[in-house]
Structure formats: C-alpha cells, structure tokens
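The structure appears right after this line, and notes come after that.
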Amino acid sequence: MVKLIKAEFKRCFSGRVFWLMVLFTFVLAVSCNIIRLIDVRVSKEKEVFNDSMLYIGLLIAGLLVVVFISFYTGPEFDGGTIRNKLIAGNTKAEIYLCNLAVCSAVSVILQYVFFFTVYVFSNMFFGAFHHPFSVMMKLQLIGSLGVVAVTAIIILIMMIVRGAAVTMVVGMIAAILSFAMSVCVINTLEEHSECLFYTEEGYLTDEQYEVLNEHSYIYGVDSEECGGAKLFIYEALYDGLPVSQAYRFSAEKELPYHWQYMIIYDIAIIVIATAAGVLVFRKLNLK
C-alpha cells in the first residue's frame, strides 16, 4: 500500500489537473479580494474587516472537490486503470483508501491556498481582521475535517455511479442541496433563538439566558418556532453540515459555540462514508 500511495501522490502532483485547480483557487481568491476592494471604495467604507471572506474557501470546497475528483479519479474507471492496479496485486480496499488519501490531501491544500491568498491580499488591501491569527488557524483545522468529510462523501458517490460526468452532475447537485439545506437550518434556528429571547420571564434559567446572550443560541430548549425531534435534527445539521460550520466560523471572534460537536460530526461522516465506500467498492465487478 505504501508503494501505491507514493505512486498516487506522484501522479497527482505531476499531473495538470492538480495545478489547474491550484491556479483556479488562487485566481478565485484574488478576484474575491479585488471585488471586495472595489465595493469598499464605491461605498466609501472607512473600517473594513474581511474575516468572512477567509472562510469562503470552506463554503465552495464541495464544488472544488467535485471537480477535482471527477477529473482525477473518474478516468480510472473509464480507462481501466483500476483493473491494472488489481492485477498488480493491490486490494480494492487499498486502492479506495489511497484515492481517498490523495483527494483529501488535495482538498485541504486547495482550502489553504484560498485561505492564505485571501489573508495576504486582505492584509495588503484592508489590513484588519476581527479574528487573531491563532483563532483563524484553529478554525481552518476544524474546517479541514469538514473538507475531508465532503471528500469522503464525493468519493463514495464516485464508487456508486462509476463515471466522471455522472459524478460531476450528482456531486454538484449534492453540493447545492447541502448549501440550500444549511441556509434553511440557519434561518430556522435564528428565528428559534429570537423566540427564546422574548419568552416570558422564568422560562429560561439565569444560566441558560447567559449562554443565549453570549452566543445568540442555546441548545436543547424548545420554542414556539421549533422543538422536539425537529429541533434535535436541526441542531445536528447545524453542527454537522460543513456549509453551516463555515458560516459560523465567520460570525464569531472566537471558536464557535459547540465547536467540539463539529469535530465529532465530521469524524463520524468520514468514518461512515469511508466504511460504506470500501464495502461498495469491494462488491463492484470491474471485469
């Protein structure tokens, strides 16, 4: 497996797909800063904090991952490369895990290319951030787990549909649906939180109200807007969806409320998606 993974990384870093994705990510990050600079000058803003743009890379990670995996892993099915690897003595589990490792590494690299590009150009153009750099790096580390979780899901989709074009379409649809779901969850819980602010006296304990006032949210408390099983599901999605995580990273000056649960959900997604992917791949008939 060590020889296989070395060969896969060499193939990845010597290929055009990886470097084109890096170039695209860099240009996208620079473009976001230039558009923001134009907007600031037009609106004549005096004090600009560009923290939210640092996490756009996490918001679009799903789309970048879909494109890379489709062009990098997809041709292996179409060209019979996987059959050659099996003939060479590699197991299906080894092939799957190597693909996941390479694609995950590339996804994280693209994430950091976007982050550092935005960071450098934002310092040049605006020179101010709410987040200390140490907090930014902690958020990016948590975000990396989310990016790897997305990668594990897209690799699983690839194993099921077995084609670059279909993976591209299905992956894009999944990314868009995830974004729409995150927006719905965030809006619903914001309304739920607002309801809790205006509940009658005594509904919340002093401790609960203090948490609500500090984080603008408190877990596990029903309101007229949302409660019971619906609230439980929405809160799980609020912590578990990578898009929701990225949105929350940009909204606070410190690590977001419940950040530990984000890590747990990301690891759970990675483990479940990887286990399911290996099982599906083992059953594929590649003859």
Side-chain angles (χ1 to χ4, degrees), residues 1 4-5 8 58-70 72-74 76-77 82 90-108 110-111 139-163 166-182 184-186 219 229-249 256 258-284 286:
M1 185 171 175
L4 179 61
I5 200 165
E8 285 296 320
L58 297 174
L59 290 171
I60 63 171
L63 300 177
L64 296 176
V65 167
V66 169
V67 174
F68 177 77
I69 290 175
S70 297
Y72 177 78
T73 306
E76 291 198 328
F77 284 98
I82 291 180
N90 299 294
T91 66
K92 287 184 176 180
E94 288 174 345
I95 295 170
Y96 186 92
L97 293 174
C98 284
N99 267 324
L100 177 60
V102 171
C103 292
S104 296
V106 170
S107 302
V108 173
L110 294 177
Q111 170 201 339
L139 292 175
Q140 288 298 320
L141 284 172
I142 299 172
S144 295
L145 278 175
V147 170
V148 173
V150 171
T151 304
I153 293 170
I154 302 301
I155 290 283
L156 172 60
I157 292 172
M158 170 65 79
M159 292 303 111
I160 295 172
V161 302
R162 285 187 287 172
V166 181
T167 299
M168 179 83 77
V169 173
V170 175
M172 289 291 182
I173 293 172
I176 292 168
L177 287 176
S178 175
F179 183 83
M181 190 184 300
S182 297
C184 176
V185 167
I186 290 167
Y219 284 79
K230 179 184 176 182
L231 178 62
F232 176 81
I233 293 169
Y234 271 54
E235 287 180 340
L237 293 172
Y238 188 56
D239 286 338
L241 289 171
V243 174
S244 173
Q245 293 178 9
Y247 170 81
R248 291 166 65 188
F249 291 162
H258 256 216
W259 63 268
Q260 301 95 328
Y261 287 82
M262 295 181 183
I263 294 174
I264 292 169
Y265 279 115
D266 287 338
I267 292 173
I269 291 170
I270 293 167
V271 171
I272 293 169
T274 301
V278 170
L279 289 174
V280 170
F281 192 45
R282 278 178 173 171
K283 292 181 180 179
L284 288 183
L286 299 172

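Sequential numbering from 1 along the given sequence is applied to the chain's residues.
- Going from atom OH of Tyr265 over to atom CG of Leu237 covers 8.5 Å, rounded to the nearest 0.5 Å.
- Both tests hold for Lys230 against Tyr234: distance to the six-membered ring centre under 6.0 Å, angle to the ring axis within 45°.
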Decide side chain to side chain contact (heavy atoms under 4.5 Å, CB included) for Leu110 and Val65; before the verdict, give the C-alpha distance in whole Å, the side-chain angles of both, and the deciding distance to 0.1 Å.
CA-CA 9 Å; Leu110 294 177; Val65 167; over 6 Å; no
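- Summarising the geometry, atom CD1 belonging to Ile154 is positioned 4.0 Å from atom CD1 belonging to Ile157; distances are rounded to the nearest 0.5 Å.
- Counting heavy atoms from C-beta on, the side chains of Met172 and Val67 come closer than 4.5 Å.
- Every residue two or more places apart in sequence or in another chain was checked for a side-chain contact (heavy atoms from CB on, under 4.5 Å) with Phe232, and none qualifies.
- Between Ser104 and Val148, the shortest heavy-atom distance links the atoms OG-CG1, 3.7 Å.
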List the steps and the verdict of side chain to side chain contact (heavy atoms under 4.5 Å, CB included) for Tyr96 and Val280.
CA-CA 10 Å; Tyr96 186 92; Val280 170; over 6 Å; no
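- Here Ile269 contributes atom CD1 and Thr151 contributes atom OG1; the two are 11.5 Å apart, rounded to the nearest 0.5 Å.
- Between Ser244 and Ile186 the shortest side-chain heavy-atom distance falls below 4.5 Å.
- Across all their heavy atoms, Gln245 and Gly240 have their closest contact at NE2-O, 3.6 Å.
- Looking at every heavy atom in both residues, Ile153 comes nearest to Ala273 through N-CB, 4.2 Å.
- Of the possible donor and acceptor atoms, none in the side chain of Ser178 sits under 3.5 Å from a partner among the backbone N and O of Ala174.
- Between Val147 and Val108, the closest heavy-atom pair is CG1-N, 4.2 Å.
- Atom CD of residue Gln111 and atom CG of residue Leu141 lie 8.5 Å apart, to the nearest 0.5 angstrom.
- With sequence neighbours left out, the ring pair (Phe, Tyr, Trp, His ring centres under 6.0 Å) criterion links Tyr72 to Phe68.
- With rounding to the nearest 0.5 angstrom, the CG atom of Leu63 is 10.5 Å from the CE atom of Met168.
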Mind running side chain to side chain contact (heavy atoms under 4.5 Å, CB included) on Val271 and Ile267 for me, showing each step along the way?
CA-CA 6 Å; Val271 171; Ile267 292 173; 4.2 Å; yes
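- With sequence neighbours excluded, the residues satisfying side chain to side chain donor-acceptor pair (under 3.5 Å) with Asp239 are Tyr219, Arg248, His258.
- You'll find the side chain of Met158 stays beyond 4.5 Å of the side chain of Asn99, heavy atoms only.
- The side-chain heavy atoms of Ile173 and Val169, taken from C-beta on, include a pair separated by under 4.5 Å.
- Residues Ala152 and Leu100 come closest through the heavy atom pair CA-CD1, 3.8 Å.
- Counting heavy atoms from C-beta on, the side chains of Val66 and Val170 never come closer than 4.5 Å.
- To the nearest 0.5 Å, the span separating CG on Leu145 from CD1 on Ile270 amounts to 5.0 Å.
- Side-chain contact between Phe281 and Leu156: absent, with no pair of heavy atoms (C-beta onward) separated by less than 4.5 Å.
- Between Cys103 and Ile69, the shortest heavy-atom distance links the atoms SG-CG1, 3.8 Å.
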